[in-house]
Amino acid sequence: MSYLYAHMARLAPALLFTVLLSACSEPPLHRDQLFAFGTVIDITLSDVTPQQAEKALEILNDDFNYMHTTWHPWQRSALSRTNSLLQTGARFSVAPSVLPLILRARELSRASDGLFNPAIGQLIKLWGFHSESSDTELPPDADAIKALMDMRPSLGDLVVDGITMRTANKSVYIDLGAFAKGYGVDVAIGHLREIGVHNAIINAGGDLRAIGTHGSRPWHIGIRHPRSKEVLASVDIQGDESVFTSGDYERYFEYKGKRYHHILDPRTGYPAADTTSVTVIHSDGATADAATTALFVAGPKDWHRIAKQMGIKYVMLVATDGSVYMNPAMASRIRFEGAKPGSIHISPPL
Ligand code: AMP
Ligand code: MG
């Protein structure tokens, strides 16, 4: 087995976490990279002509640029316009480029009991995790966190009527950082299909959706170990599935020996405790993306209940003590690469 992983890691050392592992004997792959949503988007196409590959790349480049600039919560964009108008409390027309995302995110947030909560943009900013360039080193003031949490920002506070929206809750600021990548990957896969590409992977910094196969074989996907650069486990994908992972290693700072990472518990205002990573396999990327964040926050004790509510069928959670939690269907697909985790807990079926 040739590990394309090693090659990809050279191209983008810290970014490609969930990786494609592939075999030499299959048809050649067309591969390219873009940059959007603050990460490398790695595109792999199989069974395409050079013309189709060129066309695909052109389309995906346009798509990702558009989505990146339209859904950016903090730079000038349709989403930041929405956020400023929400602050006024008055009713306004929402741009059609963001309304469907917000409505979909609201449903998923509700199904997660608010653990996936894209209305906590102001909290994310307070922690300094909103900007790619900010180099936060200090946890925010506890009173500032409490003041924000007391206002309970939630997408449930949006009053939507057709294409208009308003909210009376001034703490609502929409940040789709836990969701837009998944939604974007779905849009991109839809676009590839429209031009006749049916065997592909779009991998956004380790979060991917795969369609079709690689020749006669399923796509073979590696899941990164949350505490090393090694592959923790692998899984085969055939047909149409998304593999998404949320991890505490993606963005964090250390203060007085403690790790403060970017996945925040909307109930406390602090980084979610007890989890280091969660991997979800689901048909669409948007649901998988929202679910990894929600299940990360839910942690080892509550992930099963929330996964059920969100309609998720495959979960693997790595807890801070290194133990692994999976449902039986996930356990039957996962192959650990290298040393098996010390303790593996298999839950009742989902
Ligand atoms: P992900 O890697 O998909 O889990 O997304 C993490 C990003 O989503 C963070 O960098 C924040 O911008 C945002 N975020 C953090 N915590 C939450 C949460 N509980 N619900 C929704 N978005 C969150
Ligand atoms: Mg997510």
Side-chain angles (χ1 to χ4, degrees), residues 15 17-18 37-39 71-75 79 83 101-102 104-134 136 140 145 148-149 152-156 172-186 204-209 223-224 226 242-253 260-282 284-299 302-303 306-307 310 312 315 317-318:
L15 294 169
F17 297 139
T18 306
F37 300 126
T39 193
W71 302 339
H72 202 294
W74 303 101
Q75 290 167 8
L79 185 59
N83 278 318
L101 264 87
I102 295 173
R104 182 85 188 280
R106 188 168 67 161
E107 272 170 37
L108 288 161
S109 180
R110 197 182 294 135
S112 77
D113 280 1
L115 300 186
F116 161 64
N117 183 351
I120 59 168
Q122 289 187 27
L123 180 71
I124 292 165
K125 188 173 182 201
L126 201 56
W127 279 93
F129 293 130
H130 64 301
S131 139
E132 279 141 39
S133 56
S134 95
T136 314
I145 294 177
L148 209 45
M149 290 301 90
R152 299 177 155 272
S154 158
L155 293 186
V172 171
Y173 194 102
I174 303 172
D175 179 327
L176 298 168
F179 174 66
K181 240 195 316 180
Y183 196 101
V185 166
D186 290 342
D207 293 325
L208 61 88
R209 180 160 167 182
I223 298 161
R224 191 196 129 147
S242 303
V243 185
F244 273 63
T245 300
S246 283
D248 70 353
Y249 48 81
E250 284 168 12
R251 187 143 192 204
Y252 65 93
F253 60 89
Y260 292 91
H261 62 79
H262 69 139
I263 303 172
L264 304 174
D265 186 334
R267 298 165 297 192
T268 63
Y270 285 82
D274 305 331
T275 311
T276 50
S277 74
V278 174
T279 301
V280 161
I281 306 176
H282 191 78
D284 70 87
T287 308
D289 201 354
T292 56
T293 309
L295 301 182
F296 189 107
V297 178
D302 212 18
W303 67 270
I306 300 295
M310 297 184 83
I312 304 298
V315 181
L317 180 147
V318 182

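Counting starts at 1 for both ligands and their atoms, following the listed order. Here, residue 1 is the first one in the sequence, and each next residue gets the next number. What's counted below: heavy atoms across the whole structure, side chains too, no hydrogens, waters or symmetry copies.
Checking side-chain atoms of Asp186 against main-chain N and O of Gly285 turns up a donor-acceptor pair under 3.5 Å.
Atom CG of residue Leu123 and atom CG of residue Leu264 lie 5.0 Å apart, to the nearest 0.5 angstrom.
A search for side-chain contact (heavy atoms from CB on, under 4.5 Å) contacts involving Ser154 returns Asp157, not counting sequence neighbours. Checked against salt bridge (charged side-chain N to carboxylate O under 4.0 Å, His left out), Arg152 has no partners two or more places apart in sequence or in another chain.
Between Tyr183 and Trp71, the angle of the ring planes goes over 60°, which puts this pair in the perpendicular group of the 30/60° scheme.
Atom 5 (O) of ligand 1 has as its closest protein heavy atom Ala178 CA, 3.3 Å. Looking at atom 15 (C) of ligand 1, its nearest protein heavy atom turns out to be His262 O, 3.1 Å.
Neither the backbone nor the side chain of Phe129 has any atom closer than 4.0 Å to an atom of ligand 1 (non-hydrogen atoms only). Proximity of Asp207 to ligand 1, defined as any heavy-atom pair under 4.0 Å, is not found for any part of the residue. Of all the heavy atoms of Ile124, the ones lying under 4.0 Å from any atom of ligand 1 belong exclusively to the side chain. Contacts between Pro266 and ligand 1 below 4.0 angstrom, taking non-hydrogen atoms only, involve the side chain exclusively.
For ligand 1, the polar-atom distance check against Leu264 finds a nitrogen or oxygen pair separated by under 3.5 Å. Considering backbone and side-chain atoms alike, Thr245 places every N or O at 3.5 Å or more from each N or O of ligand 1.
Geometric assessment of Arg209 against the ring of Phe244 yields a negative cation-pi assignment under the 6.0 Å and 45° thresholds.
Taking the charged nitrogens against the carboxylate oxygens, Asp289 and Lys181 have no contact shorter than 4.0 Å, which rules out a salt bridge.
Screening the protein for N, O or S atoms under 2.8 Å from the Mg ion (ligand 2) yields 4; no waters enter the count.
The contact set between ligand 1 and Asp289, taken as ligand atoms under 4.0 Å from a residue heavy atom, comprises 3 (O). In the vicinity of Ser246, heavy-atom distances shorter than 4.0 Å reach the ligand 1 atoms 1 (P), 2 (O), 3 (O), 4 (O). Interface of Phe116 with ligand 1, defined as ligand atoms under 4.0 Å from a residue heavy atom, comprises 20 (N), 21 (C). Of all atoms in ligand 1, numbered sequentially from 1 with element shown, those under 4.0 Å from a heavy atom of Glu250 are 2 (O). Set against the non-hydrogen atoms of Leu115, the atoms of ligand 1 under 4.0 Å away are 18 (C), 19 (N), 20 (N).
For the pair Asp175/Pro118, no side-chain contact is recorded, criterion being any heavy-atom separation below 4.5 Å from C-beta on. For the pair Asp265 and Pro271, the minimum side-chain heavy-atom distance is 4.5 Å or more.
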Determine whether Asp248 and Thr275 satisfy the following criterion, side chain to side chain contact (heavy atoms under 4.5 Å, CB included), listing intermediate values before the conclusion. CA-CA 8 Å; Asp248 70 353; Thr275 311; over 6 Å; no
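Of the candidates Ile120, Leu176, Thr292, Leu295, it is Ile120 that places a heavy atom closest to atom 17 (C) of ligand 1.
Evaluation of the salt bridge (Lys or Arg N to Asp or Glu O under 4.0 Å) test over residues 113-126, restricted to residues two or more places apart or in two chains, returns Asp113-Arg305.
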